[in-house]
Amino acid sequence: MGNTALVWLIVTVVLSLSYYRWKRRKVIAMLSRMNGPRSIPFLGHVHLMREFTSGEKVFHTLMRYSSLYKSPVAAEVGPLAYIFVYTPAHIQTVLTSPHCLDKTMQYSFFNVNRAVFGSSGDLWKLQRKLFTPSFGPSILHSFVSIFNEKSFIMVEQLAKFVGKPQRNYYGELVLCFMDIICGTAFGVDANIQRSPLGAEYANLQENYLEFVAIRHYNLSYYPNFIYNMTNTFRKDKKNFDSLMSLLVKATQMDKHESRLNISDIDDLREKNAETKKPQIFIDKLINEIQKDGEIKRDDLKQHLLTICFAGSDTTASTMSALLLMLAMHPEIQERVFQEVMVVCPEKNQIVTMEDAAKLTYTEMVCKETMRMFPVGPMIGRVAKEDIKLDDEITIPANSTVISCIYKVHMDPEIWGPDVKKFNPDNFLPDRTTERHPYAYLPFSGGPRNCLGVRYGWLSMKILLVHILRRYRLRTNLTMDTMMIKFSIFLKIVGGCALILDERIKMWLPLLIPYFCVGVVLVYSCVQWTRRKMYATLASMSGPKPLPVIGNAHKFYNVTAEALADTLRYFGSFPSPVCIHMGPLPHVAIFDPESAQVVLNSQHCLQKTHQYSFFWIPRTLLCAPANVWKVQRKVLNPSFGPAILGSFVPILNEKCITLINLLEQHVGKPQRDFSRDILKCTLDQIYETAFDCKFNMQLSSDGDKSMDLFEGFMELVAARFFTVWKYPDCVYQWTKAYRDQRKYITTYYQTVLEKILKHLDFVNSITKLDKNEDTEKPQNYVNNLLKYLRMQESTSKEEIYSHFGLMVFAGNETTAKTISFILLMLAIHQDVQERCYQEIAGVCPEIDQYISAEHAANLTYLEMACKETMRLFPVAPILGRIATEDVKLNDCHTIPANARIIIGTHQMHRDPKIWGTNADRFDPDNFLPENVAKRHPYSYIPFSGGPRNCLGVRYAWLSMKILIAYVLRNYRLSTSLEYDQVRISYGVMLNIKNGCQLTIEKR
């Protein structure tokens, strides 16, 4: 019985296998016409799979067999047929065939089956058509700034490794390209290069690809139900979940996804349909999901993962190989560097698309790198139908076709006997035209080629320019010692192993002797040509200067906090004081008489260079004297008494909004209210000066504007305290310059551009309103129109400068002063109570508008305000340039071209003027009888003379009204003592403690 069963089993197996062979007779016949190693009946080439235990072994085994057999090579693994093709003609047939668009099942291991990398059929066609414009030429121009910004960051990050031992920079490249992807595809500034999450991301992505490779080369892991039971799967899933969590956070995917939750989806679809502007990847994806078509909401994370690893890992791998090739071939690196220096030589110069297009030799080097190290060395497709390769050979349907790109790229019949030599001349135009178009496929080919070819080229070129302009690359590796590995993508073992040298430092030893000689010659020349000036200055007091540097050492490494002490030191000498800052003499004024002479002199109207740090040239703040005179005459009525009355309702309205917002902080812990006050005064200036209601106090745009403004002002102050950054030609090379430009450009585009559009300002310059009442007092923006119409031409940047000045001068200075006053009143409860009683007597009703007449009657409040501005003048230093000799008195004359410093803060606290308690807060200093005893220029919080503050009356009115509203509603207190108040200053005085208050309802 047992023997009979065995016989039947054998017969059944033989018959089944025979039937199987008979059914596949057509496929077997097709495969028999192809080359390849001998197969075992029924099993095929399974016995060769024992060699496929790692990516390297798979790669080298395939290369060995491809050298033994001509393309195509057939291999069978049980019922599965694999066809390997490695001639340009065969690859072209496969990759361009409409029956060979679907990828092999191994691509499913990436877990992106519904994203453009792994999808198939109609879904892939839809995605390809949808996403191609998001990386196409029409949108690339908008990405250039991001490419440059992130390249600048990477170059700065590399600086700490200069001169250090050889190390692998692959991780830094991954993070740079990830930063770029976040900005260009998802519209977010992830700043992952500077984030502590950066290293974690690079590690998680590397592990993700490694797990894909492990499964790829282990046939037992192919079935999901088996793989899901393994320990490898559990590790893979944990890593995958962590990677996705980090990607969601970096790209702010939750924010993008929330756009799908809005209620009025039809309106959004209509709006999206109307837009003609090319959209970035995430916008295209969100809009398509809203259509309820093939792409679903659940596909979001697959698309996220695809774009991130395809846009960062593949590009970083290619860039690693490129930098390594340049380091190995210094003569080629030098030639690329020289080309870069011709096209865009400045270290901090932005690289444009036009610049990148001119880098022809650089592009040849990039292409040669991708020939030798194609990221995708093999491409797998599934033949849905029979595909005829030539007259004799046909690929059977349902077989897997592997296009061996690396084999073609290293074929000596195509590239010559020196195919293993790195030679960019392989891509000279005449050589390129001689080759088959599919002999070089670094980005795949056919309709399913890489989506971001142009994007990848441009981002790599721009980053390469930034790196080579700054660093010279070296490596201990050679072409003979370097090894490559193949896991999923082709990579170089050891990554991007480089040594970095700073290019500029190579020249320093040669330049030092010439520099020293030059300094001596220039110093001697300056001393001779300015001998008359120095003779005039010799009559003034001051510390003895050192040769060449003068008194500059007194300001070395001085901080915002220490500058007051430094000026106090110079103020200990009798005024005027001569301070030599290298070749530039400065005259410091600390007495009212001299200050009056300077501020009223027609030869001292020119502002010093430091005012240009605000980047608002040719405006009232820092325009040359001849330009300023015209502007002052036209703009003076903007804040004069004739128009101030019309501003009162606006000032009251904005103060009421502030009071309502402060309600939420009643009884809460002490906090800094500086920003609340700043947003209120910002609202006031927008409506009074520009007729714009932006409601910054109630909008999130308010905080964004504050962040931009504070960041910009921090950089202005930092430059003020860094003397070597004073020359514009030096400063424009610094990171601070780039950051400052970014802040101001963003502010212009997000805020000031709204004003321009709201007012139709640009068009208003060129057309006159016949109905305009020229007799009626005009606000700032209308008077500015009058001035600009007087000019031959006006740029948008000039308009921005005028707008920016008013926002800064009419808002920042006023808000700071109000903050100082409220803090002083909180510290001095008796003064606060007396001010409150005065306010209650003048306008007692809590809902009563405060008029200009009310404000004028608040005399004690005005004294308290003046005393605050005496102790804490927002402009602690005034700077002027003497265009001609200015005689101060019988003893002293300021020579032409000398810089003048007026120490407002020192004069305001001078015991000789204000008595022994000059540093104490005492509003009685401004009793009429006390004021009459003092020199009028002993108190100049708004400057003095013809170039004083334009908006003095406006400032007084807005400050009084706001403070009156606050005191009428709230009692202020603070834990700070007067002696604990700490000040710092540069371009403006600041109280470091902020406006720290606790408020209680009255």
Checking [X] side chain against [Y] main chain: does a donor-acceptor pair fall under 3.5 Å?
X: Glu339; Y: Thr360; answer: yes
X: Tyr438; Y: Gly446; answer: yes
X: Thr734; Y: Val730; answer: no
X: Tyr611; Y: Gly879; answer: yes
X: Thr315; Y: Ser312; answer: no

Side-chain contact, heavy-atom cut-off 4.5 Å: [X] with [Y]?
X: Arg194; Y: Gln157; answer: yes
X: Cys344; Y: Arg469; answer: yes
X: Ile180; Y: Phe143; answer: no
X: Asn168; Y: Cys496; answer: yes
X: Met482; Y: Phe373; answer: yes

Task: Check: Tyr726 ring centroid to Phe613 ring centroid under 6.0 Å - done: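 Under 6.0 Å, so yes.
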TODO: Would you please indicate if the ring centroids of Phe147 and Tyr455 are separated by under 6.0 Å?
DONE: yes
Task: Cys308 SG to Ile181 CD1 distance, which is reported to the nearest 0.5 Å - done: 7.0 Å
TODO: Take the angle between the ring planes of Tyr731 and Trp615 and call it parallel below 30°, perpendicular above 60°, tilted in between.
DONE: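 It falls in the perpendicular class, over 60°.
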- [ ] Report the relative orientation of the aromatic rings in His466 and Phe152; use parallel for angles under 30°, tilted for 30 to 60°, perpendicular for over 60°.
- [x]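 His466 and Phe152: perpendicular rings.
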TODO: Take Leu458 and Val144, measure what side chain to side chain contact (heavy atoms under 4.5 Å, CB included) needs, and give me the verdict at the end.
DONE: CA-CA 8 Å; Leu458 186 59; Val144 170; 4.1 Å; yes
- [ ] Scan for side-chain hydrogen bond (donor to acceptor under 3.5 Å, both in side chains) pairs involving residues 169-181, sequence neighbours excluded, and state none if there are none.
- [x]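 Listed once each, the pairs are Arg167-Glu172, Tyr170-Asp313, Tyr170-Lys491, Asp179-Gln193.
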TODO: Give me the one residue out of Phe709, Phe712, Tyr800 that meets ring-ring contact (aromatic ring centres under 6.0 Å, His included) with Tyr748.
DONE: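 Only one of Phe709, Phe712, Tyr800 forms a ring-ring contact (aromatic ring centres under 6.0 Å, His included) with Tyr748, namely Tyr800.
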TODO: For Arg454, look at atom CZ and say whether over 12 heavy atoms of other residues, nucleotides or ligands are found less than 6.0 Å away.
DONE: no
Open item on the list: Are more than 12 heavy atoms, taken from residues, nucleotides or ligands other than Glu149, located less than 6.0 Å from that residue's CD atom?
Closed with: yes
For residues 412-422, which side-chain donor-acceptor pairs fall under 3.5 Å, sequence neighbours excluded?
{"residue": "Trp415", "atom": "NE1", "partner": "Val408", "partner atom": "O", "Å": "3.1"}
{"residue": "Trp415", "atom": "NE1", "partner": "His409", "partner atom": "O", "Å": "3.3"}

Open item on the list: Among Leu498, Leu323, Asp501, Val155, exactly one meets side-chain contact (heavy atoms from CB on, under 4.5 Å) together with Tyr471. Which residue is that?
Closed with: Val155
Task: Under 3.5 Å side-chain donor-acceptor pair for Asn148 and Ser151 - done: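 Result is no, nothing qualifies.
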